[in-house]
Protein chains: 4
Amino acid sequence: MEKLNRRERKKILAQQALTEAAIRLFSEKGFSQTSISDITNEADLATGTFYNYFQSKEDVIRYAISVKIEEAGEVLREIKNSDDSPSNKLFMISKSAGQLMNRNISLFKLLAHLPPMTSPPHGSEFKDILTSIIEEGWRRGDYKKDLPAPIICEAFMAMLQSAMMSRSIPFEENIKLKLTILLEGIST
Amino acid sequence: MEKLNRRERKKILAQQALTEAAIRLFSEKGFSQTSISDITNEADLATGTFYNYFQSKEDVIRYAISVKIEEAGEVLREIKNSDDSPSNKLFMISKSAGQLMNRNISLFKLLAHLPPMTSPPHGSEFKDILTSIIEEGWRRGDYKKDLPAPIICEAFMAMLQSAMMSRSIPFEENIKLKLTILLEGIST
Amino acid sequence: MEKLNRRERKKILAQQALTEAAIRLFSEKGFSQTSISDITNEADLATGTFYNYFQSKEDVIRYAISVKIEEAGEVLREIKNSDDSPSNKLFMISKSAGQLMNRNISLFKLLAHLPPMTSPPHGSEFKDILTSIIEEGWRRGDYKKDLPAPIICEAFMAMLQSAMMSRSIPFEENIKLKLTILLEGIST
Amino acid sequence: MEKLNRRERKKILAQQALTEAAIRLFSEKGFSQTSISDITNEADLATGTFYNYFQSKEDVIRYAISVKIEEAGEVLREIKNSDDSPSNKLFMISKSAGQLMNRNISLFKLLAHLPPMTSPPHGSEFKDILTSIIEEGWRRGDYKKDLPAPIICEAFMAMLQSAMMSRSIPFEENIKLKLTILLEGIST
DNA sequence: AATGAATGAGGTTTCATTCAT
DNA sequence: GATGAATGAAACCTCATTCAT
């Protein structure tokens, strides 16, 4: 058991090292400017080793994103199941989503290098959670009923993204103001 | 004064042909899957000719975008100087921006392949016009004064972009609903 | 007559401009790093114009050298026909050859880029003059007769070249010392 | 300690094959007429393999020369430390230098294709040995003391080079005559 | 599982040369 | 004669991938 574990741990370490090296280089030099041997150099491994873990450069992105998605899912579900009001839940989601994405902004930009339609392998879960929060708001009579849920979801995500990208006003203040507008616009 | 002799005309045609071929192929096969000789083949020119007009594939994107920005500027200024109400102006802007971007959606997606920070070489003019419309709304007492102009601009642009990207609800209906939320949120 | 002359003069100017530009660039950036359009740019002419005067880059070298050879020939013949002693003539030749070559050192290095055997299209004239001076020395009983003339010529030219290339001792002093050795070695 | 495993041995063989192929082709077809894939074809390796060992064609020249310099150093030091008279040592040096350079004449001509000033990365060691021989001659009272050592060194090297380049008289005879002149010129 | 030299397809890029103006 | 855009062959060079160790 001991021996196997050590091996497994080493294996995982190599994969982690490769992933981190790749993401670092992708965001520093750009995706296509980064070669596989750049990545293995940065990870202090041999070129061939890359192929023990990944099929291609794109594969690394997919793997890295899936890890992040996993993490994010946990947090989202926790917020959804809390006792807060829908509007408060939206605030909390925006906050932690902002944090997550800020930390991984360069990673998400890399999605452009994957074949289209692969992009949001998770978006739906996010949307599902948002939708269920909005429906909760409807049930409680908080929100106007003449706006379709997808529109509200999209508007929410747009505000979120816009706040993250803003260069003029810091995220915290920014998202607070934008959510104010949004909630004002959808509340009864 | 449009006295271009044949040679000059041919030059312009060649550059146009290259640009159009490039954008077409980029969106069909993807940016990095498109080689320079793919482009010249499509444009029915020799490989070397590409380098008479551009330094690199990225260069074509920059050029194509700058042409579109030019066009968009014209329309924006016209709307700004019309006699409509601020909110109507915002609707009109969203409409024609939507049209422009819809027509060039594949072009804008290519921005991801340019080094970061190069992205909005025009954003400021757009922002200036939006800001002046919002200020007009303030003067007329249409909009709440406790929201900073940049936030409103950003929110507007976010709605616009989100409506353009939406896959669930068509742009026209989509942007109408989102602007409704926005205007409701910022109006007195 | 006037019109023709002006044309002819312009023609020659263009050829001179091209030659000078070429030699300048060859010695600055190296022969193969210099393209024909580099040359025409430097000469402020169009690419195609080059082909009105030369067949190739190598051709420019040949032309430039032939011009210099022409010049040098004049000086050599003058010295040969003067009333000085053979040894003095050798000193004078070394002096003016040194000056000429110093001024055109970069040009002579370019000979390496011409197909071999083309190299000294003039060497023979130089050799002839040296030989006739040595024979004059023999007739006057100045020089030992057991050394073949070609050896003395070669030795003289070697000293000359070596003095020109020396980095440790300036040419004037250098060639004086070396010729002293040579004359000591060949004198009776 | 020459424990090279098969991989290492193959590496060295590959680099040798490339170097030899390159030098052979450079002198057969000329430097700029030889492409990198010519070289790898001749060495029976793949094009890309060239770049595992060299940065450029110029790089091969540098490498090849440095190898020869290494070899020459051995011989020179041996002669210097022998029991012969200074003048005999000079003869022996001229002889083996002539042999070395004759064998590698085409290699030395390639120096013209390297950026200037790179040329003699070794000259100094050669000079040092010559100087010590001349000083030995002075101590023994063989040579005149009014000629600076650098001048004698330069003159010796010039004679050597000139004898190697001569087309009219074969090297052996040629260098014997020229050294006679030189020694006559510098001896007491 | 790790290594890294060899591979060679396929991209990028240059540039001598032509030729219509 | 001068121009300079177009040409396309031919060079350069990179790099994903393999495979013997």
Side-chain angles (χ1 to χ4, degrees), chain A residues 7-8 10-11 13-15 32-41 43-58, chain B residues 5-15 18 32-41 43-57, chain C residues 7-8 10-11 13-15 32-41 43-58, chain D residues 5-15 18 32-41 43-57:
Chain A
R7 211 185 220 176
E8 297 277 324
K10 239 182 108 184
K11 217 177 118 173
L13 279 182
Q15 186 164 30
S32 47
Q33 306 316 311
T34 302
S35 71
I36 286 179
S37 82
D38 285 339
I39 298 171
T40 51
N41 277 348
D44 207 26
L45 292 166
T47 321
T49 306
F50 183 90
Y51 291 91
N52 291 335
Y53 299 101
F54 302 104
Q55 303 275 349
S56 66
K57 276 196 292 178
E58 283 81 5
Chain B
N5 60 29
R6 180 129 74 121
R7 224 181 186 174
E8 317 251 345
R9 266 181 282 131
K10 264 182 82 179
K11 249 178 85 171
I12 287 174
L13 283 179
Q15 185 163 29
L18 286 169
S32 44
Q33 270 57 51
T34 303
S35 73
I36 284 172
S37 76
D38 286 340
I39 298 172
T40 51
N41 279 346
D44 205 27
L45 290 165
T47 318
T49 305
F50 181 89
Y51 292 92
N52 290 339
Y53 296 99
F54 303 105
Q55 304 273 352
S56 65
K57 283 195 290 179
Chain C
R7 211 187 220 174
E8 298 276 324
K10 241 181 104 184
K11 217 177 118 173
L13 280 181
Q15 188 164 28
S32 47
Q33 307 316 310
T34 302
S35 71
I36 286 179
S37 82
D38 284 341
I39 298 171
T40 52
N41 277 348
D44 206 25
L45 290 166
T47 321
T49 305
F50 183 89
Y51 291 91
N52 290 334
Y53 298 101
F54 301 105
Q55 303 275 348
S56 66
K57 277 196 290 179
E58 283 82 4
Chain D
N5 61 25
R6 179 131 73 122
R7 226 179 185 176
E8 316 251 345
R9 268 180 281 129
K10 265 182 81 179
K11 250 179 84 169
I12 287 173
L13 284 179
Q15 186 163 29
L18 286 170
S32 44
Q33 270 57 51
T34 303
S35 72
I36 285 172
S37 77
D38 286 340
I39 298 171
T40 51
N41 278 347
D44 205 26
L45 290 166
T47 319
T49 305
F50 182 90
Y51 293 93
N52 290 339
Y53 297 99
F54 303 104
Q55 303 273 351
S56 64
K57 281 194 291 177

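Just so it is clear: chains get the letters A, B, ... in the order the sequence lines come, proteins before strands, and each one is counted from 1. Just so you know, these numbers use all the heavy atoms, side chains as well, and skip hydrogens, waters and symmetry mates.
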Heavy atoms of D:Thr40 and D:Phe50 approach each other most closely as CG2-CB, 3.7 Å

Notebook entry, point to check: Contact class for A:Gln55 vs. all strands (heavy atom < 4.0 Å): base, sugar-phosphate, or nothing?
Noted result: sugar-phosphate

Is the shortest side-chain N/O distance from D:Asn52 to OP1 or OP2 of E:dA5 below 4.0 Å? no

E:dA6 phosphate, OP1 or OP2, under 4.0 Å from D:Tyr53 side-chain N/O: yes

Query - Heavy-atom donor-acceptor pair, D:Asn41 side chain to D:Asp38 backbone, under 3.5 Å - result: no

note: C:Asp44, atom CG; F:dA2, atom P; distance rounded to Å ~ 13 Å

Whichever of D:Gly48 and C:Ser35 has the more 5' nearest nucleotide on DNA chain E, that residue is D:Gly48

Exercise. Considering just the side-chain nitrogens and oxygens of B:Thr49, establish if one lies under 4.0 Å of OP1 or OP2 belonging to F:dT7.
Key: yes

Side-chain atoms of C:Ala46 come closest, of E:dA16, F:dG4, E:dT3, to F:dG4

Whichever of C:Phe50 and B:Ala14 has the more 5' nearest nucleotide on DNA chain F, that residue is C:Phe50

Between C:Thr34 and D:Leu45, whichever has its closest DNA chain E nucleotide further toward 5' is D:Leu45

Whole-Å distance, A:Asp38 CG to F:dT14 P, equals 11 Å

Per atom distances to the D:Thr47 side chain, the nearest of E:dA2, F:dC13, F:dG8 is F:dC13

From CG of C:Asn41 across to P of F:dT3 the rounded distance in Å is 11 Å

Side chain to side chain donor-acceptor pair (under 3.5 Å) pairs touching residues 43-53 of chain B, sequence neighbours excluded, are none

Side-chain contact check for D:Tyr51: nearest option of E:dT13, E:dA16, F:dT14 is F:dT14

Rounded to whole Å, the CD1-C1' distance (A:Ile39 to F:dC15) equals 12 Å

B:Ile12 atom CD1 is separated from F:dA6 atom C1', nearest whole Å, by 16 Å

note: C:Leu13, atom CG; F:dA2, atom P; distance rounded to Å ~ 11 Å

In whole angstroms, the gap separating C1' of F:dA2 from CZ of B:Arg7 amounts to 10 Å

Looking only at E:dT3, E:dT13, E:dA5, the nucleotide nearest the D:Lys11 side chain is E:dA5

Here DNA chain F, pairs taken as Watson-Crick or G-U under 3.5 Å and shown with ( ), [ ] when crossing and | when to another strand, reads .||||||||||||||||||||

Taken to the nearest whole Å, CZ/B:Phe54 to P/F:dA6 is 12 Å

